[in-house]
There are 2 protein chains.
Amino acid sequence: MEASEIYKCIADPQRLRIINLLEAGPLCVCHMQEILEVPQVKMSKQLSSMKQLGLLEAHREGTWMIYKLVDPVEGLITANLCYLREAACAECNQLQRDLTKREKLILKVTKIENDCPQEVCQQIACC
Amino acid sequence: MEASEIYKCIADPQRLRIINLLEAGPLCVCHMQEILEVPQVKMSKQLSSMKQLGLLEAHREGTWMIYKLVDPVEGLITANLCYLREAACAECNQLQRDLTKREKLILKVTKIENDCPQEVCQQIACC
DNA sequence: ACAGTATATACTATATTTAGTATATATTTG
DNA sequence: CAAATATATACTAAATATAGTATATACTGT
């Protein structure tokens, strides 16, 4: 994968936020949609472009489509996420807030509504 | 400066090559033009957009306009250049070739043609 | 003041990216 | 099989970015 393609990808704050979320574990489209507060179409299109780029992979669980970062994660992605998280910049705060929101959402859909893809729930269960 | 702006900048291979060159020291437009083999207009426009973004600064020496990276260099830029140079990827090879070409060009215009902005020549003189 | 060199800008054409609306597909449940 | 939910795609409109040509500006040396 070309570095420039990766930069183009993370040059969009929204896409960077997606990567940041997925780095914490797989998620389905509707949950990312809720965390990032974007319309379904936009979410779906961004995910599919990132998948096509080779950064993400997806599988279906019921009606849910679960996306995750490919393994191994592209080094340039990891390096930049790392950097940004330590940079104490505005973007970094956003990324942190997203992660917090993710935690809360997973807890809610797992424990309260009992309506969560298994793979996503497990992130809570085993900790 | 927003991270996304920096990513957008280095997502263009040409602009990344400019940053890579300038990281080794200031250069005037016509020399970068020669090293990167791009038309004058393109070079000038890219430089001016990067300057406007706050990554570069320029000053005049005679008819030459000398560009350099702002000091201190944006950390995200440094981190990524570092990463790319160690990554042994296709882009990295290009960046390395550019640096070699830069050395040769500066030597030529300094010693042979004696036609080089002082600030640029000095990079050779003192080593 | 004039010619030559280096650089920048205006304007235009073209390509690329993004966003929105509507619709389609896949799956589950009753 | 019909209804509901989650996701994807086609199509279009709008915004952005890029490239090219021509022209302008700034400076130097004569």
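Here is the naming used below: chain letters follow the sequence lines, and residue numbers restart at 1 for every chain. Any value given below was found using the heavy atoms of this structure, including those in side chains, with hydrogens, waters and symmetry copies removed.
Listed by first and then second residue, the salt bridge (charged side-chain N to carboxylate O under 4.0 Å, His left out) pairs involving residues 26-35 of chain A are A:Glu34-A:Lys108 (not counting sequence neighbours).
Taking the six-membered ring for Trp and thresholds of 30 and 60 degrees, B:Tyr7 and A:Tyr7 have nearly parallel ring planes, at less than 30 degrees apart.
The closest donor-acceptor contact from the side chain of B:Arg85 to the backbone of B:Gln96 lies at 3.5 Å or more, if one exists at all.
Under the 4.5 Å side-chain heavy-atom criterion for grouping Ile, Leu, Val, Met, Phe, Trp and Tyr, B:Val29 is not connected to B:Trp64 through any hydrophobic cluster.
Between B:Lys42 and B:Glu37 there is no salt bridge, since no side-chain nitrogen of the basic residue lies less than 4.0 Å from a carboxylate oxygen of the acidic one.
Here C:dT5 is the nucleotide among C:dA26, C:dT17, C:dT5 with the atom lying nearest to any side-chain atom of B:Thr63.
Contacts between residues 35-59 of chain A and DNA chain C, defined by a heavy-atom separation under 4.0 Å, are made by A:Val41, A:Lys42, A:Lys45.
Toward the 5′ end of DNA chain C lies the nearest nucleotide of B:Tyr67, the other residue of the pair B:Tyr67 and A:Arg15 mapping further downstream.
Along DNA chain D, the stretch of nucleotides lying under 4.0 Å from any heavy atom of chain A spans, 5' to 3', D:dT5 to D:dT9.
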(message) Determine whether A:Arg17 and A:Glu91 satisfy the following criterion, salt bridge (charged side-chain N to carboxylate O under 4.0 Å, His left out), listing intermediate values before the conclusion.
(response) CA-CA 9 Å; A:Arg17 288 170 74 191; A:Glu91 290 99 341; over 6 Å; no
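The closest side-chain heavy-atom distance from A:Lys101 to A:Leu105 is not below 4.5 Å.
Across all their heavy atoms, B:Asn80 and A:Leu76 have their closest contact at OD1-CD1, 3.6 Å.
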